[in-house]
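The structure under discussion appears below in the form of structure tokens.
Just so we're clear, the structure is a prediction, and the values are computed from it rather than from any experiment. We name chains A, B, ... by the order of the sequence lines, and we start the count at 1 in each one.
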Protein chains: 2
Amino acid sequence: MNHGTMNRCFGAILKELGLKETPKRRAILEILAEQQGFLSPEEIWHALRVRFETIGLPTVYRNLEELAAGGVISTIIHPSRQLYYYFCRGESGHHHHFICTSCRRVEDIPECTAATMEGDIATRTGGKITSHIVQFNGLCHRCLVEEEGRTA
Amino acid sequence: MNHGTMNRCFGAILKELGLKETPKRRAILEILAEQQGFLSPEEIWHALRVRFETIGLPTVYRNLEELAAGGVISTIIHPSRQLYYYFCRGESGHHHHFICTSCRRVEDIPECTAATMEGDIATRTGGKITSHIVQFNGLCHRCLVEEEGRTA
DNA sequence: TAACAAAGGAAAACGATTTCTTTTTAGTTT
DNA sequence: AAACTAAAAAGAAATCGTTTTCCTTTGTTA
Ligand SMILES: [Mn+2]
Ligand SMILES: [Mn+2]
Ligand SMILES: [Zn+2]
Ligand SMILES: [Zn+2]
């Protein structure tokens, strides 16, 4: 998928969500998509300032929240409690992530056991589940091997 | 368990964690324990100011973080992104929660499917999982019935 | 009671959000 | 195609929630 196709693709994505296609919104998606790992709002903001003379942090936060609410990008809850964002290339439907706290790589967890658990919990408690969070934190294979190399 | 027993109990808990037993630390546990639902750091701070003439918010945040790290209290990640804290009466080991976003009630989810998933993920990716987040958000039975009563 | 490490307070800094006003977009009408 | 319009988006500044820093106070142990 070349750059032009990507741009047209992003426009379609935004339209589906009922969001207007603005240059800044498209740029946020582009920046996230050309990155392998997850990014912080401030890192995205710095990348944006190369392309735009003025762009405020609130714009970045607002857009990231909207895009995450629409399911286009994923929110990463870092153990440090800072929020990060990630553009999923792999899975398209509902799924969860295993993130590497060292190199920021993200691995998809395709099966969502939480979805089946929701039914059990609703039945048992008589309540209604509206959302859930599932995330695994740790070290990816590469970082684990690297760490073992240093300690051995 | 009466109040005196509780206080002695909290002292032992703090000692096990290698934390000093200070009046403010004990009060934080007491306030959380006598509450049915989860509380925000600021709400806990307000409750503390009734007992102590001076107590800073950083002290409250610091203690809540330490107690949560020690597993004495649980962190609740609210959909609003604000952090809340909860003292578990039921389950003592590792488990997760179903929280009511309306009335703040918390239900235990004793079985932790995430623990078994960790093994699968580690095998598949070759990485190492160090922690995970699992939380279900929604409406408890009472709040669901109440809501249905209004709309019907 | 003395000594040390841990805990707490005050102020500042930081990350994230809200409010309010101006600008831009997308669709509609000339 | 160009101008108009309503709604959405963006900017600036203030505000909120949380954390850090640095120094003083307190708890623990001997
Ligand atoms: Mn993914
Ligand atoms: Mn619990
Ligand atoms: Zn890694
Ligand atoms: Zn409820």
Side-chain angles (χ1 to χ4, degrees), chain A residues 7-8 10-31 38-70 72-73 75-85, chain B residues 7-8 10-31 38-70 72-73 75-85:
Chain A
N7 276 10
R8 251 172 282 128
F10 289 153
I13 288 169
L14 295 174
K15 209 156 216 174
E16 273 175 43
L17 292 176
L19 298 172
K20 289 185 178 176
E21 190 186 342
T22 69
K24 284 163 188 178
R25 195 119 67 187
R26 235 184 303 115
I28 288 172
L29 280 177
E30 280 164 27
I31 286 161
F38 52 81
L39 292 173
S40 73
E42 197 163 338
E43 286 164 347
I44 295 163
W45 181 55
H46 280 129
L48 286 163
R49 291 191 66 170
V50 176
R51 304 199 203 177
F52 301 95
E53 294 193 6
T54 68
I55 177 157
L57 259 172
T59 302
V60 180
Y61 277 98
R62 269 188 295 240
N63 276 302
L64 290 171
E65 202 175 329
E66 285 166 350
L67 293 169
V72 183
I73 59 175
T75 306
I76 305 291
I77 302 172
H78 198 269
S80 75
R81 289 178 176 176
Q82 259 210 248
L83 279 188
Y84 290 82
Y85 290 90
Chain B
N7 276 10
R8 251 173 283 127
F10 290 152
I13 289 169
L14 295 175
K15 209 157 215 173
E16 273 175 43
L17 292 176
L19 298 172
K20 290 184 178 177
E21 188 187 343
T22 67
K24 284 164 188 179
R25 195 120 67 186
R26 235 185 303 114
I28 288 172
L29 279 177
E30 279 164 29
I31 286 161
F38 52 81
L39 292 173
S40 73
E42 197 164 339
E43 285 164 348
I44 295 163
W45 182 55
H46 279 130
L48 286 163
R49 292 191 64 171
V50 176
R51 305 198 202 177
F52 301 95
E53 293 193 7
T54 68
I55 177 158
L57 257 173
T59 302
V60 180
Y61 276 97
R62 269 188 294 241
N63 276 299
L64 290 171
E65 200 174 331
E66 285 165 349
L67 293 169
V72 183
I73 58 174
T75 306
I76 304 291
I77 302 171
H78 198 270
S80 74
R81 291 178 175 176
Q82 262 207 245
L83 278 188
Y84 290 82
Y85 290 90

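- Ring-plane geometry between Y84(A) and F38(A) is classed as perpendicular, the angle between the planes exceeding 60 degrees on a 0 to 90 degree scale with a lower cut at 30.
- The shortest side-chain heavy-atom distance between I76(B) and Y85(B) does not fall under the 4.5 Å cut-off.
- Among all heavy-atom pairs drawn from I55(B) and W45(B), the shortest one is O-NE1, 2.7 Å.
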- Going through the distances and angles, do E21(A) and K15(A) end up as a side chain to side chain contact (heavy atoms under 4.5 Å, CB included)? CA-CA 7 Å; E21(A) 190 186 342; K15(A) 209 156 216 174; 5.9 Å; no

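- Side chain R62(B) to base dG9(C): a donor-acceptor pair is found below 3.5 Å.
- Distance I28(A) CD1 to dA9(D) P: 12 Å, rounded to the nearest Å.
- A sub-4.0 Å separation between OP1 or OP2 of dG11(D) and a side-chain N or O of T59(A) is present.
- Mapped onto DNA chain C by nearest heavy atom, S80(B) and R25(B) fall at different nucleotides, with R25(B) at the one closer to the 5' end.
- The distance from atom CH2 of W45(A) to atom C1' of dT17(C) is 15 Å, rounded to the nearest whole Å.
- One finds a side-chain N or O of T22(B) lying less than 4.0 angstrom from the OP1 or OP2 phosphate oxygen of dG8(C).
- Distances shown here put every side-chain N or O of K20(B) at or beyond 4.0 Å from the OP1 or OP2 atom of dT29(D).
- Within the 4.0 Å cut-off from OP1 or OP2 of dA10(D), at least one side-chain nitrogen or oxygen of N63(A) is found.
- Rounded to an integer number of Å, the gap from L19(A) CG to dG27(C) P is 13 Å.
- Looking at L29(B) and L14(B), their side chains come closer than 4.5 Å, going by heavy atoms from C-beta outward.
- Here L57(A) lies out of heavy-atom contact (under 4.0 Å) with every strand.
- A straight line from CG of L48(A) to P of dA9(D) spans 16 Å, rounded to a whole angstrom.
- Atom-to-atom, CD of E42(B) to C1' of dT18(D) comes out at 11 Å; the value is rounded to the nearest Å.
- Take the nearest nucleotide of DNA chain D for S40(B) and for P23(B): the residue whose nucleotide is more 5' is S40(B).
- For P58(A), the listed nucleotide lying nearest its side chain is dA13(D); candidates were dA16(C), dA13(D), dA10(D).
- One interatomic measurement links the two molecules: CZ of R26(B) to C1' of dG8(C), which rounds to 15 Å at whole-angstrom precision.
- Residues E66(B) and L83(A) each lie close to DNA chain C; by heavy-atom proximity, the contact nearer the 5' end of the strand is made by E66(B).
- The NE2-P distance, from H78(A) to dA16(C), rounds to 12 Å in whole Å.
- Closest approach to the R81(B) side chain among dA16(C), dG17(D), dG15(C) is made by dA16(C) (side chain taken as heavy atoms from C-beta onward).
- Taking side-chain N and O atoms only, Y61(A) has a distance below 4.0 Å to OP1 or OP2 of dA16(C).
- If you take CG of L64(A) and C1' of dT17(C), they are 13 Å apart, rounded to a whole angstrom.
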